[in-house]
Amino acid sequence: MKISAKYIMFSLLTMGLVTSCSDDDNTPIVILPTCTDGIMNGDETGIDCGGTTCEPCDDGMMTIDFAGTYSQIDFMGRPGINTVFGTDDNKDAQNVAIPSEMAAAFQPAYEARLEAYHDVYAGLLGLDPTAVNYENNILGLDAPTLTGYLAADVLEVAPNLPTTYFNPGTDADMDGSLLVPDGDEVALTGRRLDDDIIDVSLILLFGGTTGDRFSGQDTDMDGTADLPRLTSDGVGLTATFTDTFPYIGAPE
């Protein structure tokens with residue numbers, strides 16, 4: 001990675017560490033932080049306010065207090081995943097883990113919990129738990145691979161693909177197939193505000209190869225659902241969004 005001299009100079013200027021010499025002699029000229037550079041530096045107590053040289057910070061100006069001890073509470077890359085798959089013993093541990101180490105540390109527990117959920121549903125259906133297991137999902141991911149993704153509580157970013165939690169209408173290789181076994185849908189490349197991440201997560205966990213494995217089907221056509229509805233929380237998206245920060249519209 002190359003760092004330009006301009007960047008280095010700017011960094012040093014903001015810390016008040018740069019001096020220069022005049023053409024006539026070697027007397028150092030000290031370049032001090034200013035009260036108009038948009039940065040909290042020098043002895044400022046807020047951004048361009050406070051300290052010995054800037055105007056006092058008032059209620060309308062941002063102040064930052066770095067006193068005290070800080071701790072990491074939650075990554076929240078994929079909200080709800082830690083809550084659903086984490087155990088009392090490892091939730092807090094994962095929240096302070098290094099992202100690159102999460103998959104190896106927590107994937108086995110996630111996979112075991114995923115299979116346990118399927119066992120519970122088998123019991124509710126009066127079936128042998130060994131007969132109702134996770135099956136490769138709509139993205140073609142098997143249980144170890146999927147839970148490995150989920151155990152790393154981060155959002156992947158794909159600069160050359162659309163930003164979406166899941167887009168089942170994408171045919172990346174232009175072969176006319178949108179569903180597995182092709183598996184070329186755009187997924188897990190970030191998150192848009194209007195992505196229903198709970199429903200997407202449920203589809204990936206319980207929807208099977210077509211995305212609707214457990215969707216409350218009436219298998220015997222008697223007007224009563226025979227399978228549990230596990231691919232949606234039944235809550236639609238009603239929020240409005242704007243194209244300017246903070247993006248969320250007025251409460252409804």
Trainee: Side chains of Leu141 and Leu204: does their closest heavy-atom pair fall under 4.5 Å?
Mentor: no

Trainee: Just so I know, are the side chains of Leu146 and Asn137 near enough to count as touching, which here means a heavy-atom distance under 4.5 Å?
Mentor: yes

Trainee: Take a 6.0 Å sphere around CZ of Phe214 and say whether it holds more than 12 heavy atoms from other residues, nucleotides or ligands.
Mentor: yes

Trainee: Under the 3.5 angstrom rule, does the side chain of Asp153 hit a backbone N or O of Ile81 as a donor-acceptor pair?
Mentor: no

Trainee: Please report the closest heavy-atom contact between Ala225 and Gly216, naming both atoms and the distance.
Mentor: CB-O, 3.4 Å

Trainee: Is Cys54 disulfide-linked to Cys35, taking SG-SG under 2.5 Å as the test?
Mentor: yes

Trainee: For Phe85 and Tyr110, take the angle between the two ring planes, folded into 0 to 90°, and tell me which bin it lands in: parallel under 30, tilted 30 to 60, perpendicular over 60.
Mentor: parallel

Trainee: Are Val96 and Leu150 connected in a single hydrophobic cluster, I mean Ile/Leu/Val/Met/Phe/Trp/Tyr linked by side-chain heavy atoms less than 4.5 Å apart?
Mentor: no

Trainee: Report yes if the side chains of Thr231 and Arg213 come closer than 4.5 Å at any heavy-atom pair, otherwise no.
Mentor: no

Trainee: Measuring from Asn95:CG to Asn90:CG, what's the distance to the nearest 0.5 Å?
Mentor: 9.5 Å

Trainee: How far apart are the closest heavy atoms of Pro228 and Leu125, and which atoms are they?
Mentor: CD-CD2, 3.8 Å

Trainee: Using the test side chain to side chain donor-acceptor pair (under 3.5 Å), find all partners of Asp233 that sit at least two apart in sequence or belong to another chain.
Mentor: none

Trainee: With a 4.5 Å cut-off on side-chain heavy atoms, are Tyr117 and Val84 touching?
Mentor: yes

Trainee: Please check this pair: side chain of Glu44 against backbone of Asn41, looking for a donor-acceptor N/O pair closer than 3.5 Å.
Mentor: yes

Trainee: Rounded to the nearest 0.5 Å, how far does CG of Asp119 lie from CG of Leu114?
Mentor: 10.0 Å

Trainee: Taking Asp220 for the side chain and Asp226 for the main chain, is one N or O donor matched with an acceptor at less than 3.5 Å?
Mentor: no

Trainee: Could you verify whether a donor N or O on one side chain and an acceptor N or O on the other, from Asp199 and Ser232, lie under 3.5 Å apart?
Mentor: yes

Trainee: Taking C-beta and beyond as the side chain, do Arg192 and Tyr165 meet within less than 4.5 Å on heavy atoms?
Mentor: no

Trainee: Any sub-3.5 Å donor-acceptor pair from Asp142's side-chain atoms to Thr145's backbone N or O?
Mentor: yes

Trainee: What are the two closest heavy atoms between Thr147 and Gln107, and how far apart are they?
Mentor: OG1-NE2, 3.0 Å

Trainee: Out of Ile197, Ile138, Thr189, Asp195, which one pairs with Phe166 under the side chain to side chain contact (heavy atoms under 4.5 Å, CB included) rule?
Mentor: Ile138

Trainee: What are the two closest heavy atoms between Gly50 and Thr45, and how far apart are they?
Mentor: CA-OG1, 3.5 Å

Trainee: On a heavy-atom basis, which atom in Ala103 and which in Gly148 lie closest, and how many Å separate them?
Mentor: CB-O, 3.7 Å

Trainee: Looking at Gln94 and Ala151, would you say the former's side chain and the latter's main chain have a donor-acceptor pair under 3.5 Å?
Mentor: yes

Trainee: Can you give me the closest heavy-atom contact between Ala97 and Phe106, atom names plus distance?
Mentor: CB-CE1, 4.0 Å

Trainee: Can you name the residues that form a side chain to side chain donor-acceptor pair (under 3.5 Å) with Ser100, not counting sequence neighbours?
Mentor: none

